[in-house]
K.L.:
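Mind having a look at this structure? Questions to follow.
Everything quoted here is computed from the prediction, not taken from an experiment.
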Amino acid sequence: MILLEGKKLSDKIKENLKQEVLELKAQSVEPCLAVILVGEDSASATYVGSKAKACEQCEIKSLVYKLDVNTTQNELLALINTLNHDDSIDGILVQLPLPIHINKDIILESINFYKDVDGFHPFNVGNLNLNLKGGFLPCTPLGVMKILEHYDIKLQGASVVVIGASNIVGRPMATLLLNANASVSICHIYTKDLKAYTKNADIIIVAAGCPNLLKEDMIKEGVVVIDVGINRVDGRIVGDVDFENVSKKASYITPVPGGVGPMTIAMLLENTIKSAKNRIKK
Ligand code: GUN
């Protein structure tokens, strides 16, 4: 079994990105990411903190807007509008989930899609679905693709099962895999017989937010397992996979923590720098 060490790969990517930032700064472009956090969800606050810290490591400027949980939708839209028109800002990220009185779809659509480094704007989602290049791709699925590429795991013709159909991970993940010529099944909470899918899969990507969802009796020998889950259980962070037992049968598997999570952040930085480079092209 080979561990897919996302953390190590992300460190290497960040080293390279830092060089690119220095080159941009030499051309008077200072890449800048604006992150908006509404409310006090502790997991979200941790993620936002990690994103800001990673920016600092790569010498990318970050602006973190921490808004009160009672912020209105119009107030949030006004802030996004200001950031949309500020030429010194390359990326805008609104941390999800948002409080229930705010319509996330309206918020995501209000972000200038040229600054949509999360890749959640309908235009960027459309580009991905049409397999058109040039838009922004969502960070977690993109990070998974980079891990698969780095470890030379072939996708063309592979049977891949994606567990989870969220807009943030499952759906864009399945589309990226399809665009890479994999044969993809998307399973979700209403799937009748999950094991019938996972048993035959060459690659399984689990993004369900459910500890121990994927067990040893559900997989074939030699499968590649990517665990996107981040769950807090008894003060420990665990994924969606029964790592101890599944790792005995898998050929490759991501650890949690230290697998997909750090790659998500590295891809956010990569998207921010891609956006900053567009400033030079304009
Ligand atoms: N919440 C969980 N994952 C993400 C992400 O990748 N981006 C944003 N904006 N919010 C999230």
K.L.:
Within a 6.0 Å radius of atom CD1 on I189, are there more than 12 heavy atoms belonging to other residues, nucleotides or ligands?
P.N.:
no
K.L.:
Tell me whether V94 is reachable from L67 by hopping between hydrophobic residues (I, L, V, M, F, W, Y) whose side-chain heavy atoms are closer than 4.5 Å.
P.N.:
yes
K.L.:
A side-chain contact here means heavy atoms from C-beta on lying under 4.5 Å apart; do S185 and V162 qualify?
P.N.:
no
K.L.:
Determine, step by step, whether T140 and T264 satisfy the side-chain hydrogen bond (donor to acceptor under 3.5 Å, both in side chains) criterion, reporting the C-alpha distance in whole Å, the side-chain angles of both residues, the deciding distance to 0.1 Å, and the verdict.
P.N.:
CA-CA 5 Å; T140 300; T264 296; 2.9 Å; yes
K.L.:
Any carboxylate oxygen within less than 4.0 angstrom of a Lys/Arg side-chain nitrogen, looking at K277 and E20?
P.N.:
yes
K.L.:
Using modelled atom types and a 3.5 Å cut-off, is there a donor and acceptor pairing between side-chain atoms of T82 and backbone atoms of A78?
P.N.:
yes
K.L.:
Looking at Y197, I want to see if its OH is surrounded by more than 12 non-hydrogen atoms of other residues, nucleotides or ligands under 6.0 Å.
P.N.:
no
K.L.:
Got a list of side-chain donor-acceptor pairs under 3.5 Å for residues 54-62, not counting sequence neighbours?
P.N.:
unit_1: Q57; atom_1: OE1; unit_2: K14; atom_2: NZ; d: 2.8

K.L.:
May I have all residue pairs that pass salt bridge (Lys or Arg N to Asp or Glu O under 4.0 Å) and include part of residues 111-129, sequence neighbours excluded?
P.N.:
none
K.L.:
Scan for salt bridge (Lys or Arg N to Asp or Glu O under 4.0 Å) pairs involving residues 144-154, sequence neighbours excluded, and state none if there are none.
P.N.:
K146-E270, D152-K154
K.L.:
Report the C-alpha distance between H188 and I163 in whole Å, list the side-chain angles of each, state the deciding distance to 0.1 Å, and finish with yes or no for side-chain contact (heavy atoms from CB on, under 4.5 Å).
P.N.:
CA-CA 6 Å; H188 44 75; I163 307 177; over 6 Å; no
K.L.:
Which heavy atom of L24 sits nearest to which heavy atom of I280, and what is that distance?
P.N.:
CD2-CD1, 3.5 Å
K.L.:
Just wondering, are more than 12 heavy atoms of other shown residues or ligands nearer than 6.0 Å to NZ in K18?
P.N.:
no
K.L.:
Are there over 12 heavy-atom neighbours, none belonging to K25, within less than 6.0 Å of that residue's NZ?
P.N.:
yes
K.L.:
Please collect all salt bridge (Lys or Arg N to Asp or Glu O under 4.0 Å) contacts where either partner lies in residues 80-109, sequence neighbours excluded, each pair once.
P.N.:
D90-R279
K.L.:
Using every non-hydrogen atom in the two residues, find where V184 and L178 come nearest and quote the distance to one decimal.
P.N.:
CG2-N, 3.7 Å
K.L.:
For the hydrophobic clusters of this structure (ILVMFWY residues joined by side-chain heavy atoms under 4.5 Å, transitively), does one cluster hold both L148 and L176?
P.N.:
yes
K.L.:
Taking L63 as the starting point, is it possible to reach V38 by hopping between hydrophobic residues whose side chains are less than 4.5 Å apart?
P.N.:
yes
K.L.:
With no hydrogens and no angle check, is any side-chain donor or acceptor of S275 less than 3.5 Å from a backbone partner on N271?
P.N.:
no
K.L.:
What's the separation between atom CG in L155 and atom CG in N179, rounded to the nearest 0.5 Å?
P.N.:
11.0 Å
K.L.:
Below 4.5 Å, heavy atoms only, C-beta onward: do I153 and Y252 meet side chain to side chain?
P.N.:
yes
K.L.:
Mark yes when over 12 heavy atoms from residues, nucleotides or ligands other than L132 sit less than 6.0 Å from its CG; otherwise mark no.
P.N.:
yes
K.L.:
Looking only at heavy atoms, what is the nearest atom pair of I102 and L98, with distance?
P.N.:
CG2-CD1, 3.9 Å
K.L.:
Scan the side chains in residues 168-175 for donor-acceptor partners under 3.5 Å anywhere in the protein, sequence neighbours excluded, and list what turns up.
P.N.:
unit_1: R171; atom_1: NE; unit_2: A165; atom_2: O; d: 2.8
unit_1: T175; atom_1: OG1; unit_2: R171; atom_2: O; d: 2.9

K.L.:
List the atom of L213, the atom of A208, and the distance in Å for their closest heavy-atom pair.
P.N.:
CD2-CB, 3.6 Å
K.L.:
What pairs of residues pass the salt bridge (Lys or Arg N to Asp or Glu O under 4.0 Å) test when at least one of them lies in residues 244-263, not counting sequence neighbours?
P.N.:
none
K.L.:
Using modelled atom types only, decide if a donor and an acceptor are shared between the side chain of N124 and the backbone of G119 within a distance under 3.5 Å.
P.N.:
no
K.L.:
Sub-3.5 Å donor-acceptor pair from the side chain of T198 to the main-chain atoms of M218, do we have one?
P.N.:
yes
K.L.:
Rounded to the nearest 0.5 Å, how far apart are CD1 of I111 and CD1 of I92?
P.N.:
6.0 Å
K.L.:
Check whether any side-chain heavy atom of I205 sits under 4.5 Å from a side-chain heavy atom of I203, and report yes or no.
P.N.:
yes
K.L.:
Under 3.5 Å, is there a donor-acceptor pair between the side chain of N129 and the main chain of V125?
P.N.:
yes
K.L.:
Do L4 and V160 share a hydrophobic cluster (ILVMFWY, side-chain heavy atoms under 4.5 Å, transitive)?
P.N.:
yes
K.L.:
If the condition is salt bridge (Lys or Arg N to Asp or Glu O under 4.0 Å), which residues does D202 pass it with, not counting sequence neighbours?
P.N.:
K220
K.L.:
For a 4.5 angstrom cut-off between non-hydrogen side-chain atoms, does D11 reach K7?
P.N.:
yes
K.L.:
Nearest 0.5 angstrom please: K51 NZ to T272 OG1, how far?
P.N.:
10.5 Å
K.L.:
Is there a donor-acceptor contact under 3.5 Å from the side chain of N200 to the main chain of A196?
P.N.:
yes
K.L.:
Which pairs, with at least one residue in residues 90-113 and sequence neighbours excluded, count as a ring pair (Phe, Tyr, Trp, His ring centres under 6.0 Å)?
P.N.:
F113-H121, F113-F123
K.L.:
Going from CD1 on I36 to CG on L83, what distance comes out if it is rounded to the nearest 0.5 angstrom?
P.N.:
5.0 Å
K.L.:
Mind checking salt bridge (Lys or Arg N to Asp or Glu O under 4.0 Å) for K8 and listing every partner two or more places apart, or none if nothing turns up?
P.N.:
E5
K.L.:
Shortest non-hydrogen contact from A34 to I89?
P.N.:
CB-CG2, 4.1 Å
K.L.:
With a 4.5 Å limit on heavy-atom distance, are the side chains of L128 and L137 in contact?
P.N.:
yes
K.L.:
Measure across I253 and A250 and return the closest heavy-atom pair with its distance rounded to 0.1 Å.
P.N.:
CB-CB, 4.3 Å
K.L.:
If Ile, Leu, Val, Met, Phe, Trp and Tyr residues are connected whenever their side-chain heavy atoms lie under 4.5 Å apart, and connections chain through other members, are L96 and I106 in the same group?
P.N.:
yes
K.L.:
Could you check whether any side-chain heavy atom of P138 comes within less than 4.5 Å of a side-chain heavy atom of F120, counting everything from C-beta outward?
P.N.:
yes
K.L.:
Would you give me the side-chain donor-acceptor pairs under 3.5 Å for residues 222-238, sequence neighbours excluded?
P.N.:
unit_1: D227; atom_1: OD1; unit_2: G229; atom_2: N; d: 3.0
unit_1: D227; atom_1: OD1; unit_2: D240; atom_2: N; d: 2.8
unit_1: D227; atom_1: OD2; unit_2: D240; atom_2: N; d: 3.0
unit_1: D227; atom_1: OD2; unit_2: V241; atom_2: N; d: 3.1
unit_1: N231; atom_1: ND2; unit_2: V238; atom_2: O; d: 3.3
unit_1: N231; atom_1: ND2; unit_2: G239; atom_2: O; d: 2.8
unit_1: N231; atom_1: ND2; unit_2: D240; atom_2: OD1; d: 2.9

K.L.:
Applying salt bridge (Lys or Arg N to Asp or Glu O under 4.0 Å), name anything that partners K215, two or more places apart in sequence or on another chain.
P.N.:
none
K.L.:
Between N84 (side chain) and S110 (backbone), is there a donor-acceptor pair under 3.5 Å?
P.N.:
yes
K.L.:
Using modelled atom types only, decide if a donor and an acceptor are shared between the side chain of K274 and the backbone of G135 within a distance under 3.5 Å.
P.N.:
yes
K.L.:
How long is the straight-line distance from CG of D68 back to CG of N70, given to the nearest 0.5 Å?
P.N.:
5.0 Å
K.L.:
V144 versus L177: any side-chain heavy-atom pair under 4.5 Å?
P.N.:
no
K.L.:
Taking the side chain as every heavy atom from C-beta outward, state whether L17 and I13 have any atom pair closer than 4.5 Å.
P.N.:
yes
K.L.:
For K199, which residues count as a salt bridge (Lys or Arg N to Asp or Glu O under 4.0 Å) partner, sequence neighbours excluded?
P.N.:
none
K.L.:
Say you draw a straight line from CG of L268 to CZ of F136; how long is it, rounded to the nearest 0.5 Å?
P.N.:
10.5 Å
